[in-house]
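Take a look at the structure below.
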Amino acid sequence: MVTFEDVKNNPDIRAYISKADESLIALGYTEHSFAHVTKVAESAAEILHTLGHSDHEIELVKIAGYLHDIGNIVNRIDHAQSGAVMAFRLLDRMNMPPEDIATIVTAIGNHDESTAFPVNAVAAALIIADKTDVRRSRVRNRSVAQFDIHDRVNYSVTASDVKIAQDSICLELTIEQEYCSVLEYFEIFLTRMLLCRKAAEALGVEFSLVINGQKMM
């Protein structure tokens with residue numbers, strides 16, 4: 001079996017993740033490198049673990065989380081689909097069983113909000129883990145005066161916690177409204193939060209969002 005550690009330590013994969021993030025730096029995006037993909041992998045694994053899924057599914061979702069943004073090396077547009085094709089090639093070369101490759105590729109290909117759908121448990125957990133990674137440390141622009149809306153939204157988040165229970169998943173945020181109002185957060189992230197709710201429903205749980213102590217959805 002190809003493990004998460006095998007994937008994480010593969011030099012080719014690490015090179016592609018690094019180069020993909022370099023492209024996003026040039027485009028002005030927030031951080032999508034090793035900190036992000038590792039956090040997504042760990043958060044997705046915690047979701048499936050808490051909900052009682054098998055160790056095998058947990059290993060697969062960690063791999064999917066680590067590889068999910070690799071397609072940004074091709075282009076930001078349709079990066080989920082190009083990333084799925086790249087993941088197939090990489091995992092096939094590592095002699096991963098076709099059934100496992102299929103699960104991972106499907107999850108990666110269905111994680112971006114423009115085309116996402118929680119087609120299986122691995123895809124659902126990946127969606128939630130990816131869309132809830134909102135934090136100040138993802139902002140790379142150090143000039144507040146030059147922040148765009150995505151910078152302001154992420155920079156405003158001083159605390160972020162995904163609380164996972166057997167019947168619910170809750171994203172709790174503390175937002176410093178000097179940089180971003182709650183309304184601006186919803187302007188950018190409403191589609192993502194609705195997608196998280198759909199993914200949670202596919203896992204048989206409820207999704208909620210709490211901002212500054214107030215339940216928003």
Can I get a per-line list of side-chain donor-acceptor pairs under 3.5 Å for residues 208-217, giving both atom names and the distance, sequence neighbours left out?
unit_1	atom_1	unit_2	atom_2	d
Asn212	OD1	Ile175	N	2.7
Asn212	ND2	Ile175	O	3.2

- Task: Verify the distance criterion only: is there a donor paired with an acceptor across the side chains of Arg14 and Tyr66 at less than 3.5 Å?
- Result: yes
- Message: Testing the 3.5 Å rule here: is there a donor-acceptor pair between the side chains of Thr103 and Asp100?
- Response: no
- List, by chain and then residue number, the residues other than Leu27 in its hydrophobic cluster (Ile/Leu/Val/Met/Phe/Trp/Tyr, side-chain heavy atoms under 4.5 Å); write none if there are no others. Leu24, Tyr29
- Task: Could you walk me through whether Glu178 and Ser156 pass the side-chain hydrogen bond (donor to acceptor under 3.5 Å, both in side chains) test, one step at a time?
- Result: CA-CA 7 Å; Glu178 174 186 353; Ser156 71; over 6 Å; no
- Task: Under the side chain to side chain donor-acceptor pair (under 3.5 Å) rule, collect the residues that match up with His49, sequence neighbours excluded.
- Result: none
- Query: Is Arg140 salt-bridged to Asp21, going by a charged N under 4.0 Å from an acidic O?
  - Reply: yes
Exercise answer: donor-acceptor pairs, residues 158-169 side-chain atoms, under 3.5 Å, sequence neighbours excluded:
unit_1	atom_1	unit_2	atom_2	d
Thr158	OG1	Thr174	O	3.4
Ser160	OG	Val134	O	3.3
Lys163	NZ	Glu172	OE1	3.4

- Who passes ring-ring contact (aromatic ring centres under 6.0 Å, His included) against His79, sequence neighbours left out? His111
- Message: Quick check: His68 with His36 (ring centres under 6.0 Å apart)?
- Response: yes
- Of Ile108, Leu91, Val74, which meets side-chain contact (heavy atoms from CB on, under 4.5 Å) against Met86? Val74
- Message: Is it the case that the side chain of Asp69 and the backbone of Ile17 share a donor-acceptor pair, with hydrogens and angles ignored and the cut-off at 3.5 Å?
- Response: no
- Only pairs at least two apart or in different chains count here, so list each side-chain hydrogen bond (donor to acceptor under 3.5 Å, both in side chains) that has a residue in residues 184-201. Glu113-Arg192, Arg152-Glu184
